[in-house]
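Scroll down for the structure; my scribbles are underneath it.
Source: prediction; values computed, not measured. Worth knowing before you read on, the calculation uses all heavy atoms, side chains too, and leaves out hydrogens, waters and symmetry mates. Labels below follow one simple rule: chain letters A, B, ... track the order of the sequence lines, proteins then strands, and each chain is numbered from 1.
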Number of protein chains: 2
Amino acid sequence: MNIATWNVNSVTVRLPHVLRWLIERTPDVVCLQEIKCTDERFPREAFAEIGYHAATHGQRTYNGVAILSRTEARDVVRGFDVSGDDEDDFSDVQARLIAATIEGVRVVNVYVPNGARVGSEKYVYKLRWLERFKTFIETNYGRDENIVVCGDFNIAPDDRDVHNPAAWAGSVLVSEPEREALDELKEWGFTDSFRLHEKQAEYFSWWDYRSGDFRRNAGARIDHVLISDGLISRSVKTWIDVEPRRWERPSDHTPVIAELA
Amino acid sequence: MNIATWNVNSVTVRLPHVLRWLIERTPDVVCLQEIKCTDERFPREAFAEIGYHAATHGQRTYNGVAILSRTEARDVVRGFDVSGDDEDDFSDVQARLIAATIEGVRVVNVYVPNGARVGSEKYVYKLRWLERFKTFIETNYGRDENIVVCGDFNIAPDDRDVHNPAAWAGSVLVSEPEREALDELKEWGFTDSFRLHEKQAEYFSWWDYRSGDFRRNAGARIDHVLISDGLISRSVKTWIDVEPRRWERPSDHTPVIAELA
DNA sequence: GTCGGGAGCG
DNA sequence: CGCTCCCGAC
């Protein structure tokens, strides 16, 4: 079972890329982020034509997540359960989370807030969101379940995961509080499936559009597939498919694929 | 000598179309309207590579005219001579006129104001602009000169030149004051070179993007090549090349080509 | 319907 | 840099 994650930066604009890639790689599940469209405008027919179901949680202009799957997703959950929240506003104004069960695996697809600059209001929101997400996991799942949490985390786990750690030091994507939040999530019971198989530095899943960052390979590894303990033995490999980033008018992210036996 | 006119609705967006068309038709001169870019941003290198010089009079966002030519244009004039104007503001805030001499022919390229709705402020400006243009011709040229005035006039000369004259009656593009203004220009000493050779109705150079007007051939002939008396005997034919309007992401106008022996 | 531009986001 | 929306123009 192959599960992929891809921040497509508009599913409308990237539709030809996503279709082409699905046909070439035939993953079983693909988690999309930044679809940037409402559920009504999601191009589900195009995906249906090549054999993919779609469960979507979109909004206009910003964010939006979706799960594509060869077999239909069950028990789809969109966003946090707002009823339990008190002051904190994690309602569906920002569509950043969708979860569903596919072939016995609970797939949780997240688009973690970017955080803008360290110390900014958006940064604080990012940390609060990660905290709220940990609570979501704790309250909804058990450690014995087969869970895959994947998506755009906007966090580079350690210094191997950014092109120039010295230049990035302390800034958003690598700051200690963000990395700690990710670590806490892992401590609950998740493993970065990419790092199970690859210890080397300089593997990236995102390159800023600006100043030729892709050409210079000035990227970061911020898209992850985390797997629960029960899936570790099934993890064959997790790899980053750089190809789509080379295509015409690409997303700034490229897919990450986790292969589970 | 072939002289063409084409409202391209953004030379930036239409560049591939214009290049393709120049290579296919090899006109000697092309007058472009609505280039919608400043002179600095005009893609002159792309035209130079296929053997065309460019004289431009652009502005950002709106309007903008240019003359492409195989041999270099001489005595380029941009806009009306403002110094002579009193109250009337026909300064270069709206780039609608460029003139130059090519191979002994004075080529005057105009983008006449659209006029919005009859009676509107923009309609009044259109009529004033046409009046000012007649003065420009009178004061700058002699009837013995070889002059070609071409461009987007936003005027359909008579009822043969609109798809549904009854529906259009009295509205902008066909209203009597506009047609009269065009007639007065002709009376100074110009002939509609298209009508020298073709008397039939339903030849159009523009079709609104909306409501499938092109598919229904619901267009108008508002792009013209007017020639001075001395050129009448050299006029072989003037024809409308509908092809580019069929291409992907076309301009709403298509080129008109005047062939001069 | 198809543009360019500006704002907001990343 | 690129994507979305809103705006005005035509």
Report the distance from atom CZ of Phe42(B) to atom CD1 of Ile35(B), rounding to the nearest 0.5 Å. 5.5 Å
Shorter than 3.5 Å, N or O on both sides, protein versus nucleotides 3-7 of chain D: list them out with atom names.
from: dC3(D); atom 1: OP1; to: Arg14(A); atom 2: NH1; distance (Å): 3.3
from: dC3(D); atom 1: OP2; to: Arg249(A); atom 2: NH2; distance (Å): 3.1
from: dT4(D); atom 1: OP1; to: Ser10(A); atom 2: OG; distance (Å): 2.7
from: dC5(D); atom 1: O3'; to: Arg60(A); atom 2: NH2; distance (Å): 2.8
from: dC6(D); atom 1: OP1; to: Arg60(A); atom 2: NH2; distance (Å): 2.3

Atom pair CH2 (Trp129(B)) and CG (Asn154(B)), whose distance is rounded to the nearest 0.5 Å: 10.5 Å
Salt bridge between Arg221(B) and Asp192(B), side-chain N to carboxylate O under 4.0 Å? yes
So, does Ser175(B) use its side chain to make a donor-acceptor pair with the main chain of Val172(B) at under 3.5 Å? no
Atom CH2 of Trp168(A) to atom P of dG10(C): distance rounded to whole Å? 14 Å
Atom CD of Glu34(B) and atom C1' of dG4(C) are separated, to the nearest Å, by 11 Å
Quickly work out the Lys122(B) NZ to dA9(D) C1' distance and round it to whole Å. 6 Å
Could you state the atom-to-atom distance from CZ of Arg96(B) to C1' of dC10(D) in whole Å? 11 Å
Rounded to whole Å, the CG-C1' distance (Asp213(B) to dT2(C)) equals 13 Å
Glu243(B)/Arg246(B) ion pair, N-O < 4.0 Å: yes
Angle class for the Phe133(A)/Phe80(A) ring planes (parallel below 30°, perpendicular above 60°, tilted otherwise)? tilted
More 5' along DNA chain D: Arg210(A) or Ala116(B), using each one's nearest nucleotide? Arg210(A)
Within this structure, what is the CH2-to-C1' distance between Trp247(A) and dC1(D), rounded to whole angstrom? 20 Å
Atom-pair distance (CG on Asp223(B); P on dC10(D)), nearest Å: 15 Å
For atom CG of Asn7(B) and atom P of dA9(D), their distance in whole Å: 17 Å
